[in-house]
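One is the number of the first residue; the rest follow in order along the sequence. Counting starts at 1 for both ligands and their atoms, in listed order.
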Amino acid sequence: MNNFRTYLLIFLLFPLSFFAEDGSQLWLRFPNVKKGISADKIISKGKNPTLEIAKKELTTYWQGQMIELRTEKSLKHLKDGYIIKSNSDKIIISAGKENGLLYGVYHILRLQQTKSDVNHLNITEKPSYDVRILNHWDNLDGSVERGYAGKSLWKWEDLPNKISPRYEEYARANASIGINSVVLNNVNASPNMLRTDYLQKVKVLANIFRPYGIKVYLSVNFSSPKVLGRLENSDPLNKNVQNWWKDKTSEIYKLIPDFGGFLVKANSEGQPGPQDYGRTHADGANMMADVLKPFGGIVMWRAFVYSPSKEDRAKQAYLEFLPLDGKFKDNVIVQIKNGPIDFQPREPFNPLFGALKKTSEMAEFQITQEYLGFSNHLVFLAPLFKETLESDTYADGKGSTVAKITDGSLRNNKITAIAGVANIGEDTNWTGNIFAQANWYAFGRLAWNHELSSEQIVNEWLKMTFTDNQKFVNPVKEMMLSSRETAVDYMMPLGLHHIFAFDHHYGPEPWGNIQGGRPDWMPVYYHKADENGVGFDRTKSGSNAVSQYFSPLNNTFGNIETCPENLLLWFHHVPWSYQMKDGKTLWEELCFKYDSGVKNVREYQKIWDKMEPYVDAERFKQVQSKLKIQSKDAVWWKDACLLYFQTFSKMPIPYNIERPVHELEDLKKIKLDLKHHN
Ligand code: BDP
C-alpha cells in the first residue's frame, strides 16, 4: 500500500516522466484531445475503407463543427485534391475521390493542431505532383543502404503471416502529408524481389497501404530474367526476355491490381542494364513500359549513371540521356537526382532538368542524410529541396524552374512525380533523430505543394511535434532554417563537394586518394587542390560542364566574376589569394566559412538547452546529445579541411578565428568502422 502511495505521488508530481515521449508519434500528436466529435456529426454517403479511416480520424480527434464528406465527380480535375468550405452549421470537405477526402481530413486536423482558425474555411488544394513517392533503399536481408534509423521497417521473414502494427502507422503518417506511393526496396535491387514468395509478402503490404491511398512500386534488377528466370540473357530485344517480363508483370497485377510500376537503376555503379547487350537506356525502359502499359503502370528510369572515364562525372548523365530524348514510351519518366554528382550538401541543379524536352522528368532528393552527418546532425532539408525546385533552368525561357519543368505546368508531361529517398527505419522514433522526422514531413508537404515556404513547413512541424509556444517555436525555427547552410559551411563551403571519408561518407577525408581506386570516388578528384588554388575547373578551359546549362547560366556559371560564390569551387579552380566579394581572399573566406559553421552549431546547443522547459525530458535529452556529436563533428570537419588545404595554400589561418584543436596527421589516421550495405 505504501508503495502504491509513493507511485501515485510520483505519478501526480511528474506526469511527463510517466508518459515517456519517445518520438514514435511523429507529428501526429493530438495531446489535448480527449475525444473527437461523435459519429452522428459526420455526414457521408457510401462505404469505402478510405472513408472509414477519414471518419475514424474525425471521431478520435476532431473537436470542431459538424463535418460533411462528399465525393463529387465534377472535382476529378483536382486529382487527389479537395475543397474545404465552412458554412454556418458545418464544414464540407469535397473531393473527386475518397483519397482526397482523407487528405482534407488531415488538413483540418492539422489546422486544429496548429491552433489555426477553423471557422471560415474556404480552401482548395490540388497536389503539385501526381506521384509523391518515397524510395526505400531497403534490402531483403533487413539492412538499409544509407539507412541511419536501424534496420528495415519491412520484416520480410515474418511476412506474409505476421504483420507489424507499424505498417499501418507508417501508411497513416504518409497519408497525413500526402505521400501516395512507395518503392519498397533498394535501387541496387535483388532479383529475388520478384520471386513469387516475395510478391505474396508485397501483396500484404499493398493491402495495408491501399486504404491510405498509397500504391506500391518495386525496384527491379535488370538481370532478373537471367538470374531468376534462368534465361540465356536479359537483352531487352530478346523475345524470351520480353515474355518473361510480361508474365512477371501479369503475376504482379493479379496479386496487386493497383501496383504502381518499376524503378530501375541500370548500368550504374556496377548494376546490370541494357548496355550490357549493346542496347540503350531507352530500349531497356521501353521494354518494361510495354508490359506495364496495359495495367496502367509506369517505369521510373534513373539517370544516375556514370562510369570511371576521362569525362567529368558531373557531365555523364546528360551526355548519355540527351541523345535519347523523344525515344522513351509515354509511361516512362526519367528520375534525376537534384544535382549532377550525388546528393552533396550543395550542388547546382542537374543540367538534365529541362534539357530532355520530349521526356517526362522527375526529381529525386535524398531525405536520408548520407552526406549530411547521418542521423546525428540536425540539418533541415526543405531549403535544399526548394533551392533545386526553384532553380531557373531557362530551358523554355526565363521562369523555367525545375519545379515547373517537372510539375507539368510548363510542359504537357504525361506523368508528374517527385521522389525522396526515405530516412525511415525500425527505430522507435522512425528516423534516428527527432529532427530528421522534419525532413520526411518536409518532403511530403513539398511534394504536395512545392510553393510552401520552408518557414511555413517548419512552423507546422514544430507546432505539431512539440508545442505552439512562441518561446519555443521562434528560436527553434531559426535554428532549423539556418541548419542546412550551417552544415554546408562546416563541411563543404563555396562549392566544394565529395570530400567525404571513403565509402561510408561520414566525416572528412579531403586527402582521400586510394592508390588503384576509382578516381571518381576520390576526394582529390573533386577539389583538385594544389599550390595555385582549389576547385574543379568546369569552364570552357576545363571540363566545360558549364556548356550543359542553358543560356545565360552557362555564362553566369562559367565566368568567375558572375558565378555565385556558393558554387565557386564547383565550377572554377580558384587561386588561394583570389579576392572574394567581401574583400577577403579565397583562403580567408574558406577559413571563415568553416569557422562560422562551427560557431552556429555551438549556438544551436545554446538555443536547445534553453528549450528545456518547453520539451519533455526524453526528447530534450535525445536532441541535446545529438547536438553534442554534431558540434564535435563540425570541429573535426573544420580542422581536417583547413589543416589539409593549408598544406597547399601555405597561408595562416586568420588569427581571429578559433585555432585547430587536432593534428592533421592524427585526423588522417581516423578510420571509422561503419558498414555500408549495398
Ligand atoms: C549513392 C549512394 C549509393 C547508392 C547510389 C544510388 O552512395 O549507396 O546506391 O547513390 O543512388 O549516393 O544509386
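- Of the listed residues (H505, K337, R146, E370), the one carrying the non-hydrogen atom nearest atom 10 (O) of ligand 1 is K337.
- For residues 317-346, the ring pair (Phe, Tyr, Trp, His ring centres under 6.0 Å) pairs, not counting sequence neighbours, are H281-F321.
- Of all the heavy atoms of V421, none lies under 4.0 Å from any atom of ligand 1, so neither backbone nor side chain is involved.
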Practice item. Walk me through it: do F209 and Y170 pass the test ring-ring contact (aromatic ring centres under 6.0 Å, His included)? Key: CA-CA 9 Å; F209 298 167; Y170 162 86; 5.5 Å; yes
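- Numbered from 1 in the order shown, with element, the atoms of ligand 1 that lie under 4.0 Å from a heavy atom of D342 read 1 (C), 10 (O), 12 (O).
- A salt bridge does not link D537 to K528: none of the charged side-chain nitrogens sits closer than 4.0 Å to a carboxylate oxygen.
- Between K265, R302, E269, it is R302 that holds the heavy atom closest to atom 11 (O) of ligand 1.
- E347 has no carboxylate O lying under 4.0 Å from a charged side-chain N of K337, or vice versa, which leaves the two without a salt bridge.
- In terms of N/O distances under 3.5 Å, ligand 1 is not approached by Q366.
- Residue-environment remark: NZ (K226) stays at or below the threshold of 12 foreign heavy atoms within 6.0 Å.
- Not one N or O of W137 is nearer than 3.5 Å to an N or O of ligand 1, by distance alone.
- Remark: ligand 1 atoms within the under-4.0 Å shell around heavy atoms of F304 are 5 (C), 6 (C), 10 (O), 11 (O), 13 (O).
- Interface atoms of ligand 1 facing E145, defined by a heavy-atom separation under 4.0 Å, are 3 (C), 4 (C), 8 (O), 9 (O).
- Not a single heavy atom of Q271 sits under 4.0 Å from any atom of ligand 1.
- Taken from CG in L218 to CZ in F259, the straight-line distance is 4.0 Å, to the nearest 0.5 Å.
- Taking a 6.0 Å sphere around NZ of K357, one finds it holds more than 12 heavy atoms contributed by other residues, nucleotides or ligands.
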